[in-house]
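Throughout, protein chains are lettered first and strands after them, A, B, ... in sequence-line order, and every chain is numbered starting at 1. All of these numbers come straight from a predicted model, not from anything done at the bench. What's counted below: heavy atoms across the whole structure, side chains too, no hydrogens, waters or symmetry copies.
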Number of protein chains: 2
Amino acid sequence: MRAALCEAEQAAAMGEVPIGAVAVVGDAIIARAHNVREATHNPLGHAEILLIEQVSRTRQAWRLDDVTVVVTCEPCLMCVGAMLQARIPRVIYGCADPKAGACGSLYTAHNDPRLNHRIDAVSGVSADECGALLSVFFRARRG
Amino acid sequence: MRAALCEAEQAAAMGEVPIGAVAVVGDAIIARAHNVREATHNPLGHAEILLIEQVSRTRQAWRLDDVTVVVTCEPCLMCVGAMLQARIPRVIYGCADPKAGACGSLYTAHNDPRLNHRIDAVSGVSADECGALLSVFFRARRG
């Protein structure tokens with residue numbers, strides 16, 4: 001989560017919503033990304049999406065069933081959907097997102113027995129620190 | 001839907017799950033895409049995602065609030081999530097997807113009052129033809 005927070009800080013420095021993520025296999029970080037929606041004008045520019053793109057491009061494989069996604073904020077529907085498509089087995093996230101979170105807050109899409117894949121989710125890791133980055137960012141933007 | 005079906009047929013010819021989509025503004029088709037997951041080894045390679053990427057790249061804008069997505073099959077969670085992120089106002093789709101559809105079948109994520117955007121969905125357009133392409137594809141693959 002330390003590395004994901006560094007990514008989030010880089011996003012903040014660019015004026016992006018400060019959310020960062022890393023892809024982990026075993027003990028190794030194999031990819032890093034942060035939110036870049038504004039800079040790239042890309043509605044898909046969430047950290048998790050960029051991470052999955054990176055790893056699948058590097059491996060030339062769509063099935064990433066040994067990759068853990070570590071992300072500072074609870075993933076949204078798009079990102080959980082992408083992790084389901086990529087067969088990601090596990091997501092570890094920091095703060096919850098009560099407005100759009102899809103791993104427990106608004107939806108439990110990561111663990112829906114009707115779907116063809118389920119993702120193990122661990123929440124609340126460095127949640128205060130992850131949430132503080134977002135609070136500071138939005139407070140500054142509002143005022 | 002005719003153009004989206006042509007895209008789906010191109011996907012089938014490449015051995016991809018035959019789903020196609022077009023982006024429409026007013027009376028004009030501004031982008032076309034079909035599923036390319038296998039060819040590109042990309043778990044995000046659904047027609048709707050590629051379409052949104054194309055249009056936002058061309059326009060250098062993440063907010064696509066005048067774009068209607070026309071797609072042969074009901075969008076999954078990832079794709080509805082991406083359309084929500086892009087502020088797509090309207091989706092028109094062909095056949096329902098009872099196993100993964102997120103515009104009415106498994107989820108009604110397109111129209112969730114808790115989220116910050118809602119998408120008008122029209123279903124069942126050329127549904128038989130759209131569904132037949134998928135049935136033929138999966139029947140051939142199984143046998």
Side-chain angles (χ1 to χ4, degrees), chain A residues 16-17 23 35-46 48-65 67 69 75-88 97-103 105-117 119, chain B residues 16-17 23 35-46 48-65 67 69 75-88 97-103 105-117 119:
Chain A
E16 301 280 353
V17 174
N35 187 20
V36 294
R37 191 176 69 167
E38 302 296 336
T40 62
H41 311 288
N42 183 355
L44 315 177
H46 285 188
E48 302 94 312
I49 296 285
L50 302 169
L51 208 61
I52 290 170
E53 275 183 340
Q54 269 182 55
V55 178
S56 63
R57 200 183 315 120
T58 305
R59 291 187 171 180
Q60 289 290 298
W62 61 260
R63 184 184 287 273
L64 310 180
D65 54 9
V67 176
V69 170
C76 73
L77 272 179
M78 172 177 73
C79 291
V80 175
M83 289 192 268
L84 291 166
Q85 293 298 329
R87 309 292 191 269
I88 297 287
D97 180 353
K99 288 188 180 166
C103 287
S105 290
L106 289 194
Y107 291 90
T108 53
H110 66 296
N111 186 23
D112 182 340
R114 300 170 303 172
L115 296 174
N116 64 350
H117 181 67
I119 302 167
Chain B
E16 301 280 352
V17 174
N35 186 21
V36 294
R37 190 175 70 166
E38 301 297 335
T40 62
H41 311 288
N42 182 357
L44 315 177
H46 285 187
E48 302 95 312
I49 296 285
L50 302 170
L51 208 60
I52 290 170
E53 275 182 341
Q54 269 184 54
V55 178
S56 62
R57 200 183 314 117
T58 304
R59 291 187 171 182
Q60 289 291 296
W62 60 261
R63 183 185 289 274
L64 310 179
D65 54 9
V67 176
V69 170
C76 73
L77 272 179
M78 172 176 73
C79 292
V80 176
M83 288 192 268
L84 290 167
Q85 294 297 330
R87 308 293 191 269
I88 297 287
D97 180 354
K99 289 188 180 165
C103 287
S105 289
L106 288 195
Y107 291 90
T108 53
H110 66 297
N111 186 23
D112 181 340
R114 301 170 303 172
L115 296 174
N116 65 350
H117 180 67
I119 302 167

Toward chain B, the part of A:Leu44 with a non-hydrogen atom under 4.5 Å | side chain

Listed by chain and number, what are the salt bridge (charged side-chain N to carboxylate O under 4.0 Å, His left out) partners of A:Asp97, not counting sequence neighbours?
-> none

By a 4.5 Å heavy-atom criterion (distance strictly below it), what part of B:Ala61 contacts chain A: side chain, backbone, both, or neither?
-> backbone

Can any side-chain N or O of B:Arg37 pair as donor or acceptor with the backbone N or O of A:Trp62 at less than 3.5 Å?
-> no

Close side-chain approach of B:Arg63 and A:His41, heavy atoms under 4.5 Å | no

State the CE-CE distance between B:Met78 and A:Met78, to the nearest 0.5 angstrom.
-> 9.5 Å

Distance, nearest 0.5 Å, that separates CZ of A:Arg57 from CG of B:Asn42 | 8.5 Å

Over all heavy atoms of both residues, which pair between B:Pro43 and A:Ile52 is shortest? Give the atoms and the distance, please.
-> CG-CG2, 3.4 Å

Could you check if a side-chain atom of A:Leu77 sits within less than 4.5 angstrom of a side-chain atom of B:Asp112, using non-hydrogen atoms only?
-> no

Side chain from CB out, backbone as N, CA, C, O: work out which of these in A:Ala86 comes under 4.5 Å of a heavy atom of chain B, or both, or neither.
-> both

Where on A:Leu84 is there a heavy atom nearer than 4.5 Å to chain B: the side chain, the backbone, both, or neither?
-> side chain

With rounding to the nearest 0.5 Å, note down the distance linking NZ in B:Lys99 to CG in A:Asn116.
-> 9.0 Å

